[in-house]
Number of protein chains: 2
Amino acid sequence: MPDDRSTRDRLLDAFERLLVSAGSRAATLDAVAAEAGVSKGGLLYHFPSKEALIDGMVERLREQGARDVEKMRAAPQGPVDFYLETSIDTGSDFDRALIAATRLAQEQVQAARAALSDIRDAWFAVLREHVGDEALARTIQLIGDGLYFDDTSGFRDESALQHVKDVLGRLSS
Amino acid sequence: MPDDRSTRDRLLDAFERLLVSAGSRAATLDAVAAEAGVSKGGLLYHFPSKEALIDGMVERLREQGARDVEKMRAAPQGPVDFYLETSIDTGSDFDRALIAATRLAQEQVQAARAALSDIRDAWFAVLREHVGDEALARTIQLIGDGLYFDDTSGFRDESALQHVKDVLGRLSS
DNA sequence: GTCTATATTCTGATAGAC
DNA sequence: GTCTATCAGAATATAGAC
């Protein structure tokens with residue numbers, strides 16, 4: 001069995017990059033192939049249809065999501081700070097995949113929506129367990145969603161994270 | 001000068017509805033015309049290009065945004081509760097326009113992005129003035145963004161707003 | 001595994017009748 | 001103001017050479 005992981009992953013990377021930087025209308029098969037440095041025919045060998053490309057991306061996202069939840073659970077700074085700090089785009093592969101999936105979810109791609117929903121449920125379970133308070137856990141998740149939304153919509157505010165930590169600190173005192 | 005406001009607005013409504021319910025890829029001129037109950041030629045009489053349709057939508061959004069900020073300022077429950085309560089999709093025309101513009105902003109439509117940015121700045125100014133604390137004002141805006149993001153991404157949580165009000169109440173006591 | 005050429009359908013836009 | 005007919009180019013997908 002030949003190892004074709006490399007080209008496959010480069011194609012998924014290119015698809016995600018285009019979704020993130022230019023949106024779903026710009027992420028055409030032509031554009032993805034060009035971004036990955038292969039021909040359209042080359043792309044269609046690995047992913048026989050656009051749906052297959054999407055499915056491949058979502059499958060990889062689920063794996064990355066499972067790893068992220070483990071990192072969150074074991075984070076030295078604790079799950080809450082880890083969650084908030086990684087709600088801003090850190091430039092990681094996982095962030096890119098997450099933002100790309102959000103673009104697809106807004107175009108009603110159900111596989112993307114379901115994967116995001118599952119990852120969010122896993123995050124919430126860790127937050128809920130750690131802070132021991134449902135209302136606070138939900139609020140923290142909402143703040144993370146807000147950070148994420150702003151960051152991925154071009155409304156980035158450098159001081160946002162510090163402000164949030166400040167306010168959350170007042171609750172503990 | 002003939003009054004063509006009615007068909008014009010119906011076209012903009014249809015465009016927004018499609019953006020919200022199906023995403024930007026589905027909001028084609030064909031689909032918008034069909035949704036508004038006119039032919040493509042009819043649409044192109046009012047908006048000679050897709051860019052003109054977008055510009056028309058964004059212009060209307062700015063007017064709605066200015067009215068919303070006034071309502072927020074004068075709200076009986078205060079600006080904070082008004083802001084949080086209307087961060088969830090209330091089904092209003094303004095909510096629809098806002099969500100539609102977010103879809104366009106994520107496809108790098110700069111006019112949509114700029115209008116959203118301006119409206120957000122106006123909201124923040126009212127929050128900032130009312131709570132008198134920058135960190136708290138930013139955190140409230142982030143929570144609103146989180147509510148909005150969840151709601152428009154299909155991650156709606158019925159109890160989210162109550163949880164937020166609960167947690168914010170602890171800060172005042 | 002990757003490429004070029006081609007087929008098909010969709011999308012934005014124009015022209016001109018009514 | 002609204003419609004139908006039509007066009008050029010883009011988007012997804014297939015076929016077959018290398």
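These numbers come from the heavy atoms of this one structure, side chains and all, not from hydrogens, waters or symmetry mates. What you see is a predicted model, and the numbers here were worked out from it, not measured in a lab. Throughout, protein chains are lettered first and strands after them, A, B, ... in sequence-line order, and every chain is numbered starting at 1.
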Do the charged groups of B:D13 and B:R60 touch, with an N to O distance under 4.0 Å?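 A salt bridge is present here (some side-chain N lies under 4.0 Å from a carboxylate O).
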
Is B:R156 salt-bridged to B:D150, going by a charged N under 4.0 Å from an acidic O?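 Looking at B:R156 and B:D150, the cut-off is not met.
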
Establish, for the pair A:R138 and A:F124, whether the NZ or CZ atom is under 6.0 angstrom from the six-membered ring centre and no further than 45 degrees off its axis.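 Ring-cation test returns yes.
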
Length of the [atom1]-[atom2] vector between [X] and [N], whole Å:
X     : N      : atom1 : atom2 : value
A:F47 : D:dT12 : CZ    : C1'   : 16 Å
A:Y45 : C:dT4  : OH    : P     : 18 Å
A:L11 : C:dG1  : CG    : C1'   : 12 Å
B:R8  : D:dT2  : CZ    : P     : 12 Å
A:K50 : C:dT9  : NZ    : P     : 19 Å

Out of C:dG12, C:dT2, D:dT2, which nucleotide sits closest to the side chain of A:R25?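 For the A:R25 side chain, the nearest candidate turns out to be C:dG12.
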
Minimum-distance nucleotide to B:L44 side chain [options: C:dT2, C:dA13, D:dA13]: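 Side chain of B:L44 sits closest to C:dA13.
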
Is any side-chain nitrogen or oxygen of B:T7 closer than 4.0 Å to OP1 or OP2 of D:dG1?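 False: B:T7 side-chain N/O out of range (4.0 Å or more) of D:dG1 OP1/OP2.
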
Taking the side chain as everything from C-beta on, heavy atoms only, tell me whether B:L12 gets closer than 4.5 Å to B:F47.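 Of all side-chain heavy-atom pairs linking B:F47 with B:L12, at least one is under 4.5 Å.
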
Mind jotting down which residue pairs meet the ring pair (Phe, Tyr, Trp, His ring centres under 6.0 Å) criterion with at least one end in residues 138-163 of chain B? Sequence neighbours excluded, please.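 Counting only pairs at least two positions apart or across chains, the ring pair (Phe, Tyr, Trp, His ring centres under 6.0 Å) contacts touching residues 138-163 of chain B are A:Y148-B:F149, A:F149-B:Y148.
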
Do A:S159 and A:D157 have a side chain donor and acceptor closer than 3.5 Å?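 There is such a pair (donor and acceptor under 3.5 Å, judged by atom type) between the side chains of A:S159 and A:D157.
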
Specify the residues of residues 28-40 of chain A, ordered by number, for which at least one heavy atom lies under 4.0 angstrom from an atom of DNA chain C.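 Hits under 4.0 Å, by residue number: A:V38, A:S39.
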
